[in-house]
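Okay, structure first, notes after.
Predicted model, so just to flag it, every value in this text is computed and none were measured. All residue numbers refer to positions in the sequence shown, counting from 1.
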Amino acid sequence: MKILIVNGPNLNLLGVREPGIYGSGSFDDYLPALRQRYPDVVIDYFQSNVEGLMIDKMQEAGFTYDGIVLNAGAYTHTSIALQDCIRALKCPVIEVHISNVHKREEFRHRSMISCACLGVICGFGLDSYRLAIEALLAQGA
């Protein structure tokens, strides 16, 4: 099984950016543990602050990978382009958020991509990514 994790804008700053909301660990520190937990799964990772580059990467993977775990960051709340991309892909996409977006500012309560995703996981810190991988495995993605 091959899974691509895609992180959007500002998620390269995990561990530094607002640790009270996002925690003190970086994604680069978390990724090896995630790969070790699932040795039979190829877990690739991509991060970009640029919406178009995220779309390009998802289109590249979306027809050959078994699933995508997507934390679109702020693009979650604004991007019809990401929604269109997700709808066009062959593989399922699970939307994840580190924080519980429903306990935050009201503008974060609305996702433009949820309707195109297999499911949504939020509020479990970096463990949200593991839960998304478990969901893909359970689906036999």
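The number of heavy atoms from other shown groups lying within 6.0 Å of CZ (Phe124) does not exceed 12.
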Walk me through whether Tyr129 and Asn7 qualify under side chain to side chain donor-acceptor pair (under 3.5 Å).
CA-CA 11 Å; Tyr129 295 91; Asn7 273 344; 2.7 Å; yes

Could you give me the CA-CA distance, side-chain angles and deciding distance for Arg130 and Asp127, then say whether side-chain contact (heavy atoms from CB on, under 4.5 Å) is met?
CA-CA 5 Å; Arg130 180 192 61 81; Asp127 206 33; 2.7 Å; yes

Could you please spell out the steps behind the side chain to side chain donor-acceptor pair (under 3.5 Å) verdict for Glu51 and Asn49?
CA-CA 7 Å; Glu51 181 182 32; Asn49 294 320; over 6 Å; no

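Taking each heavy atom of Leu118 and Pro92 in turn, the nearest pair found is CD2-CB, 4.0 Å.
Using a 4.5 Å cut-off on side-chain heavy atoms (C-beta onward), Val6 and Val69 make no contact. Counting heavy atoms from C-beta outward, Met58 and Ile68 have side chains that approach closer than 4.5 Å. Side chains of Pro9 and Met54 form a contact here, defined as non-hydrogen atoms less than 4.5 Å apart. Side-chain contact between Ile5 and Ile43 is present, with at least one heavy-atom pair separated by less than 4.5 Å. Lys2 is listed as a side-chain neighbour of Asp66, based on a closest heavy-atom distance under 4.5 Å.
Distance OH/Tyr75 to CD1/Ile113: 12.5 Å, rounded to 0.5 Å. Note that SG of Cys117 is 4.0 Å distant from CD1 of Ile86, once rounded to the nearest 0.5 Å. Taking CD1 of Ile98 as the start and CG of Asn71 as the end, the distance is 5.5 Å to the nearest 0.5 Å. Annotation: the span from Leu70 atom CG to Glu95 atom CD amounts to 7.0 Å, rounded to 0.5 Å. The OH atom of Tyr65 sits 6.0 Å away from the NZ atom of Lys57 when rounded to the nearest 0.5 Å.
For Tyr45 and Phe27, the distance between ring centers is under 6.0 angstrom.
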